[in-house]
Asks: 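My questions will all concern the structure given below.
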Amino acid sequence: MFNPFSLAGKTILVTGASSGIGRQCAIDCSRMGARVVLIGRSEERLAETFHEMIGCGHMITAIDLTDFDRIGGCVTDIISQCGPIHGVLHCAGISAILSLKQMDILHLDHFFRNNVYSAIELTREVCKVHHIAKEGASIVFFSSVMGCVGESGKSLYGMTKGALIAGSRSLACEYAKRKVRFNVISPGAVETPINTRQPYMADPELRQLLEEKHLLGLGRTIDISYACIYLLSDASRWITGQNLIVDGGYTAR
């Protein structure tokens, strides 16, 4: 049966695959037929994701992507075992609430290393000649609605996410001739194991306030993974340089 969203025959790298949205994306990519390379810091937690996947040929790569000197060798090893890459979902990243008074240069460096530099360094290696599939590829960065709108205490997090949106547009122009597409996913508040332990979801009153900001309620991990499948698949072959906001209506008003 014809399925424009199929990922059969594609090799997809998923960072942050040890939990939350990244884990769901890896599982759902495998369900759509992809060979998936799971990337994260914890080999044990990546193995938990691995056991929930279907299909064969998947690979676990435990690496801290802020250890930039190791990224090149990591990608080379992936290519040698799995062949050229058809797509990347860069889900890995960090978040925090910090006021301007609280942050310093160390906070800035820490957030940009985790949320921006790691994405760019991984992309630089993936986009080298012979690393990308000859038919092209789809690179998807993970931003956030906080890269599009403002909220008190989110300036540091928001500026790193906004950087990914801006960078992806120029990368889309730079790599279009090589048929490499660059897009961004910007989720609203999604229920993940980490998020549900945070005060804004764990506290009933704060959770209600948060839900009311999202016209369709809080998101589930599959709401994001399904959008990612679209951007990775040939169904989105004419989409590049875009920021797909998946937020249950958070930014609608």
Side-chain angles (χ1 to χ4, degrees), residues 3-40 42 45-61 65 85-95 115 119 122 126 137-148 161 164-165 168 181-196 201 214 216-237 239-240 242-251:
N3 182 359
F5 304 101
S6 172
L7 300 179
K10 296 182 184 292
T11 297
I12 307 295
L13 274 59
V14 181
T15 74
S18 58
S19 65
I21 294 172
R23 172 174 287 181
Q24 190 68 55
C25 286
I27 293 168
D28 288 342
C29 283
S30 76
R31 290 172 176 165
M32 295 303 293
R35 168 187 278 182
V36 184
V37 180
L38 307 172
I39 299 176
S42 170
R45 291 169 65 193
L46 290 173
E48 293 173 0
T49 303
F50 183 89
H51 291 307
E52 292 189 48
M53 297 165 67
I54 67 171
C56 59
H58 309 306
M59 177 180 176
I60 290 175
T61 299
L65 290 173
I85 295 166
H86 299 83
V88 176
L89 292 180
H90 186 62
C91 308
I94 59 174
S95 175
N115 290 356
L122 178 63
V126 166
S138 173
I139 312 293
V140 181
F141 295 146
F142 266 66
S143 181
S144 162
V145 290
M146 288 299 105
C148 309
K161 293 303 184 178
L164 293 175
I165 296 171
S168 68
R181 299 183 292 111
F182 283 85
N183 292 292
V184 179
I185 289 274
S186 288
V190 176
E191 293 187 90
T192 67
I194 292 176
N195 284 345
T196 54
M201 284 194 188
H214 294 74
L216 300 179
L218 301 180
R220 300 176 296 170
T221 54
I222 59 170
D223 296 321
I224 310 305
S225 68
Y226 291 175
C228 289
I229 287 169
Y230 166 66
L231 289 177
L232 290 171
S233 74
D234 294 340
S236 64
R237 59 168 295 278
I239 307 292
T240 194
Q242 301 303 307
N243 176 31
L244 179 56
I245 299 174
V246 187
D247 68 351
Y250 182 89
T251 57

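Positions are given from 1, in the same order as the sequence printed here.
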Asks: About how many Å separate CD1 of Ile21 and CG of Leu89, when rounded to the nearest 0.5 Å?
Replies: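 Reported value, rounded in 0.5 Å steps: 11.0 Å.
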
Asks: Just wondering, do Val145 and Pro187 contact through their side chains at under 4.5 Å, heavy atoms?
Replies: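 They are not in contact (no side-chain heavy atoms under 4.5 Å apart), so the answer is no.
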
Asks: Please check: side-chain N/O of Asn183 versus main-chain N/O of Val140, any donor-acceptor pairing under 3.5 Å?
Replies: no

Asks: Restricting to non-hydrogen atoms, name the atom on Met32 and the atom on Ile229 that form the minimum distance, rounded to 0.1 Å.
Replies: CG-CD1, 3.6 Å

Asks: Can you check whether Arg45's main-chain N or O pairs, donor with acceptor, with Ser42's side chain at less than 3.5 Å?
Replies: yes

Asks: For Leu46, does its backbone N or O pair with a side-chain atom of Ser18 as donor and acceptor, under 3.5 Å?
Replies: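 A pair under 3.5 Å: no.
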
Asks: Using the side chain to side chain donor-acceptor pair (under 3.5 Å) rule, collect all pairs that involve residues 46-58, keeping only residues at least two apart or in two chains.
Replies: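 Sorted result for residues 46-58: Arg23-Glu48, Arg23-Thr49.
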
Asks: Has Asn243 got a side-chain atom pairing as donor or acceptor with Ile165's backbone, closer than 3.5 angstrom?
Replies: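 Absent.
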
Asks: Using modelled atom types and a 3.5 Å cut-off, is there a donor and acceptor pairing between side-chain atoms of Ser30 and backbone atoms of Ile54?
Replies: yes

Asks: Tell me, do Leu13 and Ile39 make a side-chain contact under 4.5 Å, heavy atoms counted?
Replies: yes

Asks: Side chains of Gln24 and Asp28 only: does a donor on one sit below 3.5 Å from an acceptor on the other?
Replies: yes

Asks: Is Ser233 reaching over with its side chain to a backbone N or O of Tyr230, donor-acceptor style, under 3.5 angstrom?
Replies: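 Such a contact is found between Ser233 side chain and Tyr230 backbone.
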
Asks: Check Ala17 against Ala26 and note the closest heavy-atom contact, atom names and distance.
Replies: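 For Ala17 versus Ala26, the nearest heavy atoms are CB-CB, 4.4 Å.
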
Asks: About how many Å separate CG of Leu164 and CD1 of Ile185, when rounded to the nearest 0.5 Å?
Replies: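 These two atoms lie 12.5 Å from each other.
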
Asks: For a side-chain contact (heavy atoms from CB on, under 4.5 Å) check, start with the C-alpha distance between Leu232 and Leu7, then their side-chain angles and the critical distance, and finish with the verdict.
Replies: CA-CA 8 Å; Leu232 290 171; Leu7 300 179; 3.9 Å; yes

Asks: Hey, does the side chain of Lys161 reach the backbone of Cys148 with a donor-acceptor pair shorter than 3.5 angstrom?
Replies: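 No; judged by distance alone, with no hydrogens or angles, the pair does not exist.
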
Asks: Any ion pair linking Arg237 and Asp234 (charged N to carboxylate O, less than 4.0 Å)?
Replies: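 So Asp234 does not pair with Arg237 through a salt bridge.
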
Asks: Hey, does Cys228 have a side-chain heavy atom less than 4.5 Å from the side chain of Phe142?
Replies: yes

Asks: Give me the ring orientation class for Phe141 and His90: parallel if the planes are under 30° apart, tilted from 30 to 60°, perpendicular past 60°.
Replies: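 Ring orientation, 0 to 90° scale: perpendicular.
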
Asks: Using modelled atom types and a 3.5 Å cut-off, is there a donor and acceptor pairing between side-chain atoms of His86 and backbone atoms of Thr11?
Replies: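 Yes: the side chain of His86 pairs with the backbone of Thr11.
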
Asks: Is the shortest heavy-atom distance from the side chain of Glu191 to the side chain of Met201 under 4.5 Å?
Replies: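 Glu191 reaches Met201 side chain to side chain.
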
Asks: According to side-chain contact (heavy atoms from CB on, under 4.5 Å), who are the partners of Thr240, at least two apart in sequence or on a separate chain?
Replies: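 Checked Thr240 against side-chain contact (heavy atoms from CB on, under 4.5 Å); matches are Ala172, Arg181.
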
Asks: Hey, is the main chain of Leu231 close enough, under 3.5 Å, to the side chain of Ser236 for a donor-acceptor pair?
Replies: yes

Asks: How far apart are the C-alpha atoms of Ile12 and Val37, what are their side-chain angles, what is the distance that settles it, and do they pass the side-chain contact (heavy atoms from CB on, under 4.5 Å) test?
Replies: CA-CA 6 Å; Ile12 307 295; Val37 180; over 6 Å; no

Asks: Counting only heavy atoms not in Ile94 (residues, nucleotides, ligands), do more than 12 fall under 6.0 Å from its CD1?
Replies: yes

